[in-house]
Enquirer: 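Pasting a structure below so you can have a look.
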2 protein chains.
Amino acid sequence: MSDTAVLHGTIVSAPALGRLEVTEGGYLVVIEGRIAGIFRVLPDEYAALPRWDYGSALILQGLVDLHLHAPQYPMLGTGMDKPLLEWLNAYAFPTEARFADPDYARTVYRDLAHKLIRGGTTRVCMFSSLHREATLILMEELERAGVTGYVGKVNMDRGSPDYLSETTEASEAETLRWLDEAQRFTRVRPILTPRFTPSCTNALMAFLGSLGEERALPIQSHLSENRQELELVASLHPDCDHYYKTYEKYGLFNERTVMAHCVWSDEEEREAMRKRGVTVVHCPDSNQNVCSGVAPVRKMLSEGLKVALGTDIAGGDSLSMFTAAASAVRASKARRILDDWQTEPLNESEAWYLATSAGAAFFGAKPGFQVGEKLHAIVLADDALFTPHPLSASERLGRALYLRLEGAIRSVWSEGRMIF
Amino acid sequence: MSDTAVLHGTIVSAPALGRLEVTEGGYLVVIEGRIAGIFRVLPDEYAALPRWDYGSALILQGLVDLHLHAPQYPMLGTGMDKPLLEWLNAYAFPTEARFADPDYARTVYRDLAHKLIRGGTTRVCMFSSLHREATLILMEELERAGVTGYVGKVNMDRGSPDYLSETTEASEAETLRWLDEAQRFTRVRPILTPRFTPSCTNALMAFLGSLGEERALPIQSHLSENRQELELVASLHPDCDHYYKTYEKYGLFNERTVMAHCVWSDEEEREAMRKRGVTVVHCPDSNQNVCSGVAPVRKMLSEGLKVALGTDIAGGDSLSMFTAAASAVRASKARRILDDWQTEPLNESEAWYLATSAGAAFFGAKPGFQVGEKLHAIVLADDALFTPHPLSASERLGRALYLRLEGAIRSVWSEGRMIF
């Protein structure tokens, strides 16, 4: 059985922001997919279970990528020379348009799903393109690979080139059909995805808001990423003095919502997110690559907002959530300079919490490795690294964020199943 | 013979800032270590030479890391939670102190030299520690591995803990002895290395300035990295209204000098560097990790300063100059925000120039692949990357900066010799 086992190694979890719980030489027991406990000495009752001995390898929580664009994967690491709105037209939209072709989608999404799970990302909240068929293929490939979470067919009925747009009617009809067809998936579920305010007419926003309410569906979109975008949104919604109100007025801004970026969210907008229980997805690499700015993450955390992390490929240039966590630390240092050196940077433990427990919370999971939760875990063997003196478990984890240990993940558990 | 051959592939060089010269399916001919030419069709006279066919792989210039601390390699990717001066005391000095042990130095430096050449870095300008013996071991290991360039025994006779300090007399005597003993190396040469102004008494600075002048030795140090450092330097040298003058007054600031960082160099200091022909080494990862700030690189380039790149491990977290180049692009975008969006960010071609030709210039080499120059080259096979549609050679190079292609370097030539 691949859902019941004892994992032996250096168990590290993030039960709270900035706190790591370490059990050296510990035993993580999983029974029928759920965590039964973490023990220093294995209780007799579990002695007969299949046992995986990973020596001193790190046993970590699975990573959660709460914002990425699957159809931008083909352009990963290219096209970094323009700010957001120009970048969309020059690179992102033409690339996404290719996903009208299901064969192309199959090829790309199979590779993407494989890379995600091999990199330790077990949960995602992901944008597809506007194409219903390609979106179903994406869900199928993720489910097959062992990645869980939410995928959204993108809704966009204005503001994009003809080769990548849909009418309001088609957008609504295709969304309903996609929701029907997506019922066959059990581990990858649909999420409503108005691309962002400039891409959606009021009629479409209203439709999505009602649909989300009726069916209690989660919602993902972009918020306050870039200053030119803010101006554009203000001109499209003169009645809204804040960007978030363009979502709020259609019922698209609540505890079922993740909003990517929030780089330019001011005090009022942050307070609205806190009150409504919206989850902010910080995407440090993307914010830097497409010159959006630096999100005030420390401030958001002190104010009590829910903040998690995303790679935001392909504005982001790496699919690795280890890298996203290191980039969050770096970005917090850039932010510190903008804040006249008054804000404290994030440390590696805090960034790790954002990359794991904080993201998992959007899926209803408790932080860390808690008894009764379905196991999402990765086994990271960093023993190939040059290590002239012993490091503590938290130093090893911190180092793993920076050193991109390609191929060092020896095993992944996702939603209670051992994937490899 | 490993110094005469024809290399066939996609040849890309950086003859000027922001310009790439591309020869698809080209032939790079090297005779007795020197470039004989780049050809679209191989001239008959070279038909009999040994030929290496790399298909469509990229044939690129070797990388130049103009600032890194060899004895900080053991702490790579750890200890990123303090600003510079605290970081030195908490992490860097204790780590460097271990190099009093030659066996330890041998183990660490052998691994470092191997990683450098495998990563395509063929030229370095490197700090050792204050230990003469470990410095000679470092030079020996670099030379054996095929890395060329300059290595400096560090001089530091004040301001550091007892376990890592030397008297002025010992510093002078050990430097002279090291210079004698280093004569046995041919490809790795000595460079004078006053650690930075706070670490060196005036007597020691004066000694090093005269020695450099007498023997026409190159010089490396740190300049204007961090604001607390600026205050400390001002208090130590009340006669100097700029940091650079603490080097200039001892003859340590001229065209034989590389100065790392220059994050806080104002207009006068930058103009002094331009006039004196000092080379600035931009170290974007380190500047971010130890919260130094963001160097005004675009401004320096427009003003006509010589600027190259360094990884600055272990303030920097990666030994890869591909990563350093990508980080320079990212840092220029952070700088743009600090400049109220008025400065243009660097693009990938510009960053590549800084990582190759600009650094090579400090060793007297002409930019790009020029006839008559000793060949420093790397062959980068990016064909394992998922590439759903064809990319141009410059897109492939740009992508290689972001995607850290561990293991993709198939061959390296250093100073006219094929290393592997």
Side-chain angles (χ1 to χ4, degrees), chain A residues 73-81 83 95 98 104 107-108 111-112 114-115 227 285 287-294 316-320 323 326-327 329-331 333-338 341 345-348 385-389 391-392 395-396 398-407, chain B residues 73-81 83 95 98 104 107-108 111-112 114-115 227 285 287-294 316-320 323 326-327 329-331 333-334 336-338 341 345-349 385-389 391-392 395-396 398-407:
Chain A
Y73 177 57
M75 51 183 277
L76 192 67
T78 64
M80 301 297 197
D81 56 344
T95 305
R98 294 174 183 267
Y104 181 81
T107 306
V108 173
D111 192 78
L112 173 62
H114 175 77
K115 293 275 184 8
R227 289 196 301 183
D285 277 323
N287 293 162
Q288 188 148 38
N289 286 332
V290 298
C291 290
S292 298
V294 189
D317 53 78
S318 168
L319 209 54
S320 167
T323 299
S327 297
V329 174
R330 290 195 193 97
K333 291 171 178 175
R335 183 69 222 185
R336 185 187 203 202
I337 301 176
L338 293 174
W341 307 77
L346 299 179
N347 63 34
E348 287 76 15
L385 284 183
F386 182 67
T387 305
H389 352 91
L391 296 174
S392 71
E395 285 173 319
R396 288 168 61 199
R399 183 172 70 160
L401 305 191
Y402 289 104
L403 300 191
R404 293 199 194 187
L405 304 175
E406 299 287 343
Chain B
Y73 177 56
M75 50 184 276
L76 192 68
T78 63
M80 302 298 197
D81 57 344
T95 306
R98 294 175 183 266
Y104 182 81
T107 306
V108 174
D111 192 78
L112 173 63
H114 175 77
K115 292 277 185 9
R227 289 196 301 183
D285 277 323
N287 294 161
Q288 188 149 35
N289 286 332
V290 297
C291 290
S292 299
V294 190
D317 53 78
S318 168
L319 210 53
S320 166
T323 298
S327 297
V329 173
R330 290 195 193 97
K333 291 171 178 174
R336 185 186 202 202
I337 299 176
L338 294 174
W341 307 77
L346 298 179
N347 63 35
E348 287 76 15
S349 302
L385 284 183
F386 181 67
T387 306
H389 355 93
L391 295 174
S392 71
E395 285 173 318
R396 288 168 61 201
R399 183 172 69 160
L401 304 191
Y402 290 103
L403 299 193
R404 292 200 193 185
L405 305 175
E406 299 286 342

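Convention: sequence-line order gives letters A, B, ...; per-chain numbering from 1.
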Enquirer: Would you compute the distance between atom CE of Met75(B) and atom NE2 of His389(A) and round it to the nearest 0.5 angstrom?
Expert: 10.5 Å

Enquirer: Do you know which two heavy atoms are closest between Gln288(A) and Ala331(B), and how far apart they sit?
Expert: NE2-N, 4.2 Å

Enquirer: Please flag which part of Thr107(B) lies under 4.5 Å from any non-hydrogen atom of chain A: side chain, backbone, both or neither.
Expert: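 Answer is both: backbone and side chain atoms of Thr107(B) are under 4.5 Å from chain A.
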
Enquirer: Contact between Tyr73(B) and Pro388(A) at the side-chain level, heavy atoms closer than 4.5 Å - yes or no?
Expert: no

Enquirer: Side chain, backbone, both or neither: which part of Asn287(B) has a heavy atom under 4.5 Å from chain A?
Expert: neither

Enquirer: What's the separation between atom OG in Ser292(B) and atom CD1 in Ile337(A), rounded to the nearest 0.5 Å?
Expert: 8.5 Å

Enquirer: Take Asp317(A) and Arg330(B), measure what side-chain contact (heavy atoms from CB on, under 4.5 Å) needs, and give me the verdict at the end.
Expert: CA-CA 11 Å; Asp317(A) 53 78; Arg330(B) 290 195 193 97; 3.1 Å; yes

Enquirer: Given the rule in the side-chain contact (heavy atoms from CB on, under 4.5 Å) test, do Leu76(B) and Tyr402(A) qualify, once you have shown the distances and angles that lead to the verdict?
Expert: CA-CA 9 Å; Leu76(B) 192 68; Tyr402(A) 289 104; over 6 Å; no

Enquirer: Taking all non-hydrogen atoms of both residues, which atom of Val108(B) and which atom of Phe386(A) are closest, and how far apart?
Expert: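 Shortest heavy-atom separation between Val108(B) and Phe386(A) comes out as CA-CZ, 3.6 Å.
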
Enquirer: Working to the nearest 0.5 angstrom, can you tell me the gap between Glu348(A) CD and Thr78(B) OG1?
Expert: 9.0 Å

Enquirer: Looking only at heavy atoms and a cut-off of under 4.5 Å, which of Val294(B), Asn289(B), Leu401(B) has the most pairs with chain A?
Expert: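 Heavy-atom pair counts peak at Asn289(B).
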
Enquirer: Looking only at heavy atoms and a cut-off of under 4.5 Å, which of Arg396(B), Glu395(B), Arg399(B), Arg404(B) has the most pairs with chain A?
Expert: Arg404(B)

Enquirer: Sort out for me which of Arg98(B), Lys115(B), Arg336(B) touches chain A most, counting heavy-atom pairs under 4.5 Å.
Expert: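 The candidate making the most pairs under 4.5 Å is Arg98(B).
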
